[in-house]
Amino acid sequence: MSDLYLAVNRLKEKFPDSILEVVTFRGEITAKVTKKDIYEICQFLYSDPELQYHMLTDLCGVDYFPETPRFEIVYLLHSFKLNHRLRLKIRINEGESVSSVESIWKAANWLEREVYDLFGIKFENHPDLRRILLWDGYEGHPLRKDFPVEGPDFDKPYVPEV
Amino acid sequence: MAETRWMTINMGPQHPATHGVLRLVLELDGEIIVKAIPHIGHLHRGVEKLAENRTYHQVIPLTDRLDYTNAMGNNLAYVLAVEKLLGIEVPKRAQYLRVMMAELQRIAAHLIWLGTHVLDIGATTPIFYTFREREEVLRIFEEVAGGRLTPTYLRIGGVAKDLPEGIDEKIRDFVKVFPQRINEYETLLTQNIIWLKRTKEVGVISKEDAINWGVTGPTLRGSGVKWDVRKAFPYSSYDEFEFDIPVGTVGDVYDRYIVRLREMEWSNSIVRQALDRLPKGPILADDPRVVLPNKEMVLTDIASLIRQFKIVSEGFKPPKGEVYASVEAAKGELGFYIISDGSNRPFRLRIRPPSFLNLGALPRMIEGSLIADVISTIGSIDIVLGEIDR
């Protein structure tokens with residue numbers, strides 16, 4: 001069991017004030033961390049020789065509307081050395097931005113663009129923060145809970161007249 | 001003094017070699033690619049949003065339509081996530097049936113890849129052979145599940161129905177001849193000088209880069225990383241099957257080709273093992289909260305009828321929590337991350353699409369190479385836009 005919690009214990013040693021809560025559900029370990037330290041935490045998990053979380057498996061957003069802080073960003077890291085997955089979570093308010101982890105994992109480039117596209121969360125120091133699935137100029141962020149599932153098209157792509 | 005300019009070329013979204021609606025903007029210095037910018041999203045249907053408004057059972061058909069060449073694998077990833085959330089155990093027979101179908105589907109998916117990839121590069125012959133074998137797999141699916149491309153065969157807690165009478169003979173026939181078919185493809189390609197010239201040292205991505213860009217599946221293994229979800233986090237009894245993980249060395253188009261060919265052989269072997277050792281027993285978990293009752297019971301027993309009605313209309317309520325389950329799909333690690341708030345619909349359903357991240361690494365593979373190599377590189381990472389755009 002101690003092996004499973006290796007990463008979390010190392011994190012607690014290194015960042016005692018940043019780890020808010022550790023949850024284990026169905027054998028998956030989730031660490032809720034503070035938003036301001038996310039970059040340092042990721043950097044540490046990536047470069048620590050004992051841990052080596054070299055792969056960012058997934059990064060996604062969650063909308064807890066109407067709670068505050070409204071959004072959550074979920075990082076799923078994978079270590080080939082430990083054959084272990086670790087989930088990190090941060091909560092942010094609407095309008096706030098997060099440090100990009102693109103400089104650690106290139107995989108974050110598109111994943112963060114997707115979160116920006118579908119939730120409207122901005123990432124600082126991202127090299128190319130554009131919409132990815134929807135077209136430029138689209139209004140609204142579809143995965144927000146207050147975005148309707150059905151309804152008339154309110155934002156048609158601009159087609160120039162011939 | 002002549003002025004030097006880069007030329008910008010648009011490729012796609014309607015282009016036969018981009019395997020769907022992928023658009024690439026290429027900046028060229030002569031024939032050399034300086035910069036490649038993929039534009040995706042033309043097939044965006046909002047599957048993640050749709051899933052938030054459906055009951056857990058109703059999401060299964062949506063997953064078929066993600067990577068539509070690998071429907072069984074997509075079903076499997078989703079039902080594994082829901083089963084993990086519920087904490088239910090699936091009977092052995094159902095697990096073996098799932099493995100068998102997932103591996104047959106992997107063969108079918110790789111056959112499409114091989115046929116179209118080779119066609120892109122200019123060899124017309126192999127596609128007729130690969131589609132001949134794929135047809136046999138689809139006929140098996142048709143008999144087993146009723147559907148060919150989108151069978152929706154898996155259910156939460158097991159599979160939709162047991163194998164029909166006489167199907168094991170057909171699967172056995174297929175498994176028996178398929179290794180020879182792979183040999184046929186190899187005689188056309190593996191030593192073919194044109195094929196070698198078009199694929200060797202093309203679209204190279206190093207081990208470190210592949211991991212850093214989040215690349216998974218045959219593309220990652222082509223770069224020499226011996227990693228497969230089936231071995232790393234075994235699911236659905238994969239630890240009871242004997243198979244190896246083929247890896248490449250250089251990480252070029254040729255290595256990915258070899259890796260996929262060997263993978264088909266191992267998939268074929270897994271199907272045979274599953275058929276030989278198929279356990280007897282139920283095909284659905286014994287959990288009345290979740291699993292639909294037997295059809296015969298529904299027609300004769302009022303309690304079963306009510307239960308059927310409740311599960312279909314209301315669904316079931318899993319406990320609060322969140323899980324991530326992933327499978328080794330044909331393209332790579334396909335994961336489903338479900339957050340449940342205790343209601344009958346997923347609060348958030350996130351799909352971790354392998355092709356999305358593999359395609360993200362495409363600029364890394366093609367920048368600095370010739371424009372003609374773009375075609376073979378796109379083919380070799382085997383993307384399906386239905387999954388990238390969701």
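Below, read A as the first sequence line, B as the second, and so on, with proteins coming before strands; counting in each chain starts at 1.
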Would you call A:Glu72 and B:Arg350 a salt bridge, taking side-chain N to carboxylate O under 4.0 Å as the test?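 Salt bridge between A:Glu72 and B:Arg350, a charged N being under 4.0 Å from a carboxylate O: no.
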* Find out whether A:Lys145 and B:Glu52 are in side-chain contact, i.e. whether some heavy atom of one side chain is under 4.5 Å from a heavy atom of the other. => yes
- Query: Going by heavy atoms in the side chains, are A:Trp110 and B:Leu357 under 4.5 Å from each other?
  - Reply: no
Non-hydrogen atoms of chain A under 4.5 Å away: do they reach the side chain of [X], the backbone, both or neither?
{"X": "B:Arg390", "value": "side chain"}
{"X": "B:Tyr337", "value": "side chain"}
{"X": "B:Glu48", "value": "both"}
{"X": "B:Val215", "value": "backbone"}
{"X": "B:Asn212", "value": "both"}
{"X": "B:Lys231", "value": "neither"}
{"X": "B:Leu86", "value": "backbone"}
{"X": "B:Trp213", "value": "both"}
{"X": "B:Pro353", "value": "neither"}

